[in-house]
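These numbers come from the heavy atoms of this one structure, side chains and all, not from hydrogens, waters or symmetry mates. Treat the numbers as computed from the prediction; the structure is a model and nothing was measured.
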Amino acid sequence: MRYTTLIPLTVILLSGCFSEKKVVKDENNNTTTTTTKRPDNEVYPIKLNNRQKIVYKKVEEYLNRLKSLDVEGTISMTYPKFFTVFNKNTYRSQLMTMTNSSNIDIIDFSAKITQIGTIDKFNNGEFTTVEYTSTIKVYLKNSRLYNTPQSINTLYSILVRKYGRENIHVDTTTRVVTIIKQEKLLAIKESSRDWKFIGDNQTYRKVYYPRFLPIEILNRI
């Protein structure tokens with residue numbers, strides 16, 4: 001089936017965690033969107049030291065860009081050396097495919113950060129690992145996509161094998177697929193630069209990491 005990789009690809013590219021937003025109208029009745037700031041005395045949902053709290057906020061910002069499908073913003077917060085081994089235009093095209101897809105709509109996207117690892121130093125800066133649980137709901141808007149019980153079962157089987165039965169729900173009436181996924185990121189801060197992020201999975205560790213990560217990080221993750 002030509003569409004069997006569509007949903008898994010979308011989930012791989014997307015992850016979700018975002019600050020609450022609200023709509024504000026100015027005196028000219030123009031509508032803008034602002035991000036709700038966390039009060040200085042807010043209690044974080046997980047135990048963090050002061051350095052980890054800085055990373056936590058940057059993870060929120062990064063994942064908020066993903067959630068809003070801000071392609072250029074997402075790229076700007078991606079660890080730049082990743083693009084020495086993975087073509088930036090290809091990465092951009094993959095993200096833009098999700099924003100312009102005639103087959104699916106991402107109707108809900110959220111996540112819960114569950115862990116910020118110990119922040120370690122290396123020759124050029126600092127690094128740590130991030131873990132979170134994402135929930136993504138995808139609407140199959142193309143009526144020709146998964147339009148038979150057999151094709152729906154095929155999709156369901158693919159997703160169950162990849163993510164586990166307890167993490168998948170397919171509503172055949174509303175044509176909404178819900179996927180819960182355990183996600184990881186590698187966060188790196190070089191010299192005076194801000195924190196940057198890349199996905200942390202077995203494929204990246206085997207295929208890409210050895211080609212661009214500093215050896216001090218490779219030996220400690």
To the nearest 0.5 angstrom, please state how far the [atom1] atom of [X] sits from the [atom2] atom of [Y].
X: K196; Y: I188; atom1: NZ; atom2: CD1; value: 11.5 Å
X: L95; Y: E72; atom1: CG; atom2: CD; value: 9.0 Å
X: N167; Y: I179; atom1: CG; atom2: CD1; value: 9.5 Å
X: E61; Y: F197; atom1: CD; atom2: CZ; value: 8.0 Å
X: L213; Y: F122; atom1: CG; atom2: CZ; value: 9.0 Å
X: I116; Y: R51; atom1: CD1; atom2: CZ; value: 12.5 Å

Taking all non-hydrogen atoms of both residues, which atom of [X] and which atom of [Y] are closest, and how far apart?
X: I180; Y: Y163; value: O-CB, 4.4 Å
X: Y204; Y: P210; value: O-CD, 4.3 Å
X: M77; Y: R65; value: SD-NE, 3.2 Å
X: A187; Y: V130; value: CB-CG2, 4.4 Å
X: E216; Y: N123; value: OE2-CB, 2.7 Å
X: T74; Y: Y62; value: O-CE1, 3.9 Å

Are the side chain of [X] and the backbone of [Y] linked by a donor-acceptor contact shorter than 3.5 Å?
X: R175; Y: V138; value: no
X: Q52; Y: N49; value: yes
X: D171; Y: T173; value: yes
X: T135; Y: S110; value: no
X: N64; Y: E60; value: no
X: T129; Y: L186; value: no

**Request:** Could you name each residue pair satisfying salt bridge (Lys or Arg N to Asp or Glu O under 4.0 Å) that touches residues 203-212, not counting sequence neighbours?
**Result:**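 Non-adjacent pairs meeting salt bridge (Lys or Arg N to Asp or Glu O under 4.0 Å): D200-R205.
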
**Request:** Carefully, step by step, assess F109 and K137 under the rule side chain to side chain contact (heavy atoms under 4.5 Å, CB included).
**Result:** CA-CA 6 Å; F109 189 37; K137 292 185 178 182; over 6 Å; no

**Message:** Other residues, nucleotides and ligands only: do more than 12 of their heavy atoms fall within 6.0 Å of CZ on R220?
**Reply:**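 It does: R220 CZ has more than 12 such atoms within range.
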
**Asked** Does NZ in K88 sit with more than 12 non-hydrogen atoms of other residues, nucleotides or ligands closer than 6.0 Å?
**Response**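 No.
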
Is the shortest side-chain heavy-atom distance between [X] and [Y] below 4.5 Å?
X: L140; Y: N103; result: no
X: T128; Y: T118; result: no
X: S157; Y: V160; result: no
X: I198; Y: L185; result: no
X: L218; Y: Y209; result: yes
X: F127; Y: I221; result: yes
X: I113; Y: I46; result: yes
X: R165; Y: Y156; result: yes

**Message:** Let's go through T148 and S151 carefully: what are the C-alpha distance in whole Å and the side-chain angles of both, what is the deciding distance for side chain to side chain donor-acceptor pair (under 3.5 Å) to 0.1 Å, and is it a yes or a no?
**Reply:** CA-CA 5 Å; T148 67; S151 61; 3.0 Å; yes

**Prompt:** Looking at K121, K58, R193, which hits salt bridge (Lys or Arg N to Asp or Glu O under 4.0 Å) with E126?
**Reply:**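 Among K121, K58, R193, the one that satisfies the salt bridge (Lys or Arg N to Asp or Glu O under 4.0 Å) with E126 is K121.
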
**Request:** Kindly state each residue pair satisfying side-chain hydrogen bond (donor to acceptor under 3.5 Å, both in side chains) with at least one member in residues 75-84, sequence neighbours excluded.
**Result:**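 Those involving residues 75-84 are Y79-E190, K81-E190.
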
**Request:** Measure the acute angle between the ring planes of F86 and F82, then classify it against the limits of 30° and 60° as parallel, tilted or perpendicular.
**Result:**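 If you compare the ring of F86 with that of F82, the planes turn out parallel.
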
**Asked** What residue among K112, K67, K181, E183 forms side chain to side chain donor-acceptor pair (under 3.5 Å) with S134?
**Response**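 Testing S134 for a side chain to side chain donor-acceptor pair (under 3.5 Å) against K112, K67, K181, E183 leaves exactly one candidate, E183.
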
**Request:** Take N89 and R92 through the test side chain to side chain donor-acceptor pair (under 3.5 Å) and record every step on the way to the result.
**Result:** CA-CA 5 Å; N89 287 331; R92 180 182 288 109; 2.7 Å; yes

